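Keep in mind it's a predicted model, so treat the numbers as computed, not measured. No hydrogens, no waters, no symmetry mates; every other heavy atom, side chains included, goes into these values.
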Amino acid sequence: MSRALLFAGALVMALAVAAGAASLHAAKSAVHPEAARLLQTAVLYQLIHGLALVVEGTLARTAPSNLLAAAGILHLVGVVAFSGSLYVLAFSGVSLGAVGPTGGAAFIAGWIALAAHALRGR
């Protein structure tokens, strides 16, 4: 699991950097009037949670647990759902409804799982 989390984290981070750079130019021609703000938020959350995945992957090498795996999966789901829904909204003007808030809930649940992992005795 540690390799998968590290891989996912590194990939999420690389895509976030690319999206951040591209969004500076793309926001000008995007459909949604608040595209720049939406893209900035999407990239920020993607960067934060990509870093979380890298940390979780690193921790999983020395202290693997189901809670740590759950945290990583939840953070990855959150990136796809939350940031993804903001990218879709910015570029197409289409709201994906509850997908964004579901991604936000996945972020929160991932942090709670990571906190529980930290409290768990070895």
Should Leu47 and Val17 be marked as a side-chain contact (heavy atoms from CB on, under 4.5 Å) after you check the CA-CA gap, both sets of side-chain angles, and the distance that decides it?
CA-CA 8 Å; Leu47 284 168; Val17 172; 4.3 Å; yes
In terms of hydrophobic clusters joined by side-chain contacts under 4.5 Å, are [X] and [Y] together?
| X | Y | value |
| --- | --- | --- |
| Val77 | Leu5 | yes |
| Leu67 | Leu53 | no |
| Ile112 | Leu59 | no |
| Leu74 | Val12 | no |

Is Leu11 isolated, or which residues cluster with it under the ILVMFWY side-chain rule of less than 4.5 Å, directly or via members?
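Traced through the cluster, Leu11 reaches Phe7, Leu15.
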Could you report the tightest heavy-atom contact between [X] and [Y], atom names first, then the distance?
| X | Y | value |
| --- | --- | --- |
| Gly100 | Ser85 | CA-OG, 3.3 Å |
| Met1 | Ala69 | CE-CB, 3.7 Å |
| Tyr87 | Ala19 | OH-CB, 3.6 Å |
| Ala71 | Gly110 | CB-O, 3.4 Å |
| Gly103 | Ala81 | CA-CB, 3.6 Å |
| Ala63 | His117 | O-CE1, 3.0 Å |

Just do the side-chain contact (heavy atoms from CB on, under 4.5 Å) check on Trp111 and His75 with the steps written out, would you?
CA-CA 8 Å; Trp111 288 111; His75 285 145; 3.5 Å; yes
What residues, two or more places apart in sequence or in another chain, satisfy side chain to side chain contact (heavy atoms under 4.5 Å, CB included) together with Val54?
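Val54 satisfies side chain to side chain contact (heavy atoms under 4.5 Å, CB included) with Leu6, Thr58 once adjacent residues are dropped.
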Between Val79 and Phe107, does the side-chain contact (heavy atoms from CB on, under 4.5 Å) criterion hold? Intermediate values first, please.
CA-CA 8 Å; Val79 167; Phe107 285 150; 4.0 Å; yes
For the side chain of Ser23 and the backbone of Gly20, is there at least one donor-acceptor N/O pair under 3.5 Å apart?
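The answer is yes, because a donor-acceptor pair under 3.5 Å joins these two groups.
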So, Glu56 side chain and Leu114 main chain: donor-acceptor pair closer than 3.5 Å or not?
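Pair absent, no side-chain N/O of Glu56 close to backbone of Leu114.
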Please round to the nearest 0.5 Å and tell me the distance separating atom CZ of Phe82 and atom OG1 of Thr102.
11.5 Å
Nearest 0.5 angstrom please: Leu68 CG to Arg61 CZ, how far?
12.5 Å
Give every donor-acceptor pair under 3.5 Å between a side-chain atom in residues 35-42 and any protein atom, sequence neighbours left out.
| residue | atom | partner | partner atom | Å |
| --- | --- | --- | --- | --- |
| Arg37 | NE | Glu34 | OE1 | 3.1 |
| Thr41 | OG1 | Arg37 | O | 3.1 |

For the pair Val94 and Leu89, evaluate side-chain contact (heavy atoms from CB on, under 4.5 Å) and give the outcome as yes or no after the intermediate values.
CA-CA 5 Å; Val94 174; Leu89 180 59; 6.0 Å; no
